[in-house]
Colleague: 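Let me begin by handing over the structure; questions about it come next.
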Amino acid sequence: ARIVKPLRVKWSVKKPRFDWRLVLKVLAQYPLSLLVMLPVTDAFTAANGTALTTYSANWSNVQGAFAINTNAVHCNDSGDSSARWNADTFNNDQYSQATVAAITSGTYIGTSVRNSSSAANWYTFVGDSGDGSYLEKHAPGTTQLGSKGAIFVLTQVVDLEASGTTITPKILGITLNPPGAQTDSTYASGYAGVSGAGTSTGSRIDDWEGGNLAGAGVVGPLLRGRLV
């Protein structure tokens, strides 16, 4: 009897090619500032009395001065002060938030956005435990935006957001009203940072975070875990 050998079929599977051109095409659709390592955070861990700019070269004083106390940062100047995070480029739409680590009356602490790298210009949201909180712009000099708000309370997360011409102060993720969201077109870009006025170590913030407010459909740390 004739033996028929089984037919052998050779299968050829081509390995998929990784197309870098497609990757670059996708990345080109987004601003460079969306691709950097934002948001950034800082826990201000250093010896008491260390100047903020000595503690880290990532910080630059826009006006005034800041220092570390009990692993948190406080204003160290009697006048209106702000310091910016200089190590990254922020989108025009940005935020700056921190946790209230200590709060006293008469010395103000908070966050700032759109800090200039060449002039004493910024938006700020600061407060104390006795007078209240303020949404302001500095040009230099102070212009209050909206009415005075509630005092700051220990462990609150205070947040300042700039989106287009809308400047919004928030506490625990909720818009504080008053002053509420205010419209101002004076400063269109800059850096996120910290702000304050006074020299007492009794008003401090910790766990600072600064980043971009991304556009529709972008998910990730740029949105603090939110889909916009």
Side-chain angles (χ1 to χ4, degrees), residues 29-36 38-40 60-64 79-98 108-127 132-150 152 156-197 205 208-228:
Q29 299 178 38
Y30 297 94
L32 179 61
S33 54
L34 275 177
L35 306 178
V36 298
L38 291 174
V40 289
S60 296
N61 290 323
V62 180
Q63 179 173 289
D80 295 323
S81 303
S82 189
R84 65 183 179 90
W85 179 269
N86 62 42
D88 294 281
T89 299
F90 294 83
N91 280 357
N92 293 347
D93 294 346
Q94 59 189 249
Y95 73 90
S96 178
Q97 70 177 39
Y108 299 82
I109 194 67
T111 61
S112 57
V113 294
R114 293 182 178 170
N115 285 276
S116 172
S117 61
S118 59
N121 301 337
W122 69 89
Y123 291 106
T124 181
F125 177 41
V126 295
S133 57
Y134 295 88
L135 177 62
E136 300 171 337
K137 67 176 178 180
H138 292 259
T142 303
T143 300
Q144 185 174 328
L145 303 176
S147 302
K148 181 170 66 174
F152 282 1
Q156 284 180 333
V157 176
V158 297
D159 180 15
L160 182 58
E161 298 181 357
S163 178
T165 59
T166 303
I167 313 301
T168 306
K170 294 183 176 182
I171 291 181
L172 298 174
I174 301 173
T175 300
L176 180 64
N177 193 5
Q182 298 292 318
T183 300
D184 190 90
S185 60
T186 306
Y187 309 129
S189 62
Y191 299 80
V194 298
S195 56
I205 53 172
W208 175 82
E209 180 180 309
N212 297 326
L213 295 173
V218 180
V219 185
L222 298 176
L223 295 174
R224 290 168 281 179
R226 297 176 298 174
L227 172 64
V228 175

Colleague: When you check the side-chain N and O atoms of W122 and S116, is any donor under 3.5 Å from an acceptor?
Modeller: no

Colleague: Under a 3.5 Å distance rule, please check whether N115 uses its side chain to pair with a backbone N or O of Y191 as donor and acceptor.
Modeller: yes

Colleague: Decide, yes or no, whether a salt bridge links R114 with D93 under the criterion of side-chain N to carboxylate O below 4.0 Å.
Modeller: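 Looking at D93 together with R114, the answer is yes, because their closest N to O distance falls below 4.0 Å.
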
Colleague: Distance only, no hydrogens: is a donor on one side chain within 3.5 Å (strictly under) of an acceptor on the other, for S112 and S195?
Modeller: no

Colleague: Has Q94 got a side-chain atom pairing as donor or acceptor with G190's backbone, closer than 3.5 angstrom?
Modeller: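 A pair under 3.5 Å: yes.
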
Colleague: Among E209, K170, E161, exactly one meets side chain to side chain donor-acceptor pair (under 3.5 Å) together with Y95. Which residue is that?
Modeller: E209

Colleague: When you compare the side chain of Y108 with that of F152, does any pair of heavy atoms fall below 4.5 Å?
Modeller: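 The answer is no; the side chains never approach within 4.5 Å.
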
Colleague: Check whether S82 reaches the backbone of D80 with its side chain - one donor and one acceptor, N or O, closer than 3.5 Å.
Modeller: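 Answer holds: no.
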
Colleague: Say whether, by atom type as modelled, one donor and one acceptor occur between the side chain of S147 and the main chain of P178 under 3.5 angstrom.
Modeller: no

Colleague: Work out which heavy atom in A162 is nearest to a heavy atom in I167; give both atom names and the distance.
Modeller: CB-CD1, 3.8 Å

Colleague: Going by distance alone, is a donor N or O of one side chain under 3.5 Å from an acceptor N or O of the other, for T186 and D184?
Modeller: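 Looking only at side-chain atoms, D184 and T186 do form a donor-acceptor pair, the distance falling under 3.5 Å.
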
Colleague: Between the side chains of T183 and T165, does any donor sit under 3.5 Å from an acceptor?
Modeller: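 No, T165 and T183 have no side-chain donor paired with an acceptor closer than 3.5 Å.
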
Colleague: Donor-acceptor pair, distance only, cut-off 3.5 Å: does the side chain of Q144 make one with the backbone of G146?
Modeller: yes

Colleague: Over all heavy atoms of both residues, which pair between S96 and A192 is shortest? Give the atoms and the distance, please.
Modeller: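 In terms of heavy atoms, the two residues are closest at CB-CB, 4.0 Å.
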
Colleague: Does any part of the side chain of F125, heavy atoms only, come nearer than 4.5 Å to the side chain of L145, both counted from C-beta?
Modeller: no

Colleague: Which heavy atom of L135 sits nearest a heavy atom of P179, and at what distance?
Modeller: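 Scanning both residues completely, I find the closest heavy atoms to be CB-CG, 3.8 Å.
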
Colleague: What's the shortest heavy-atom distance between D159 and T111, and which atoms?
Modeller: C-OG1, 4.3 Å

Colleague: Between K137 and Y187, is there a side-chain heavy-atom distance shorter than 4.5 Å?
Modeller: yes

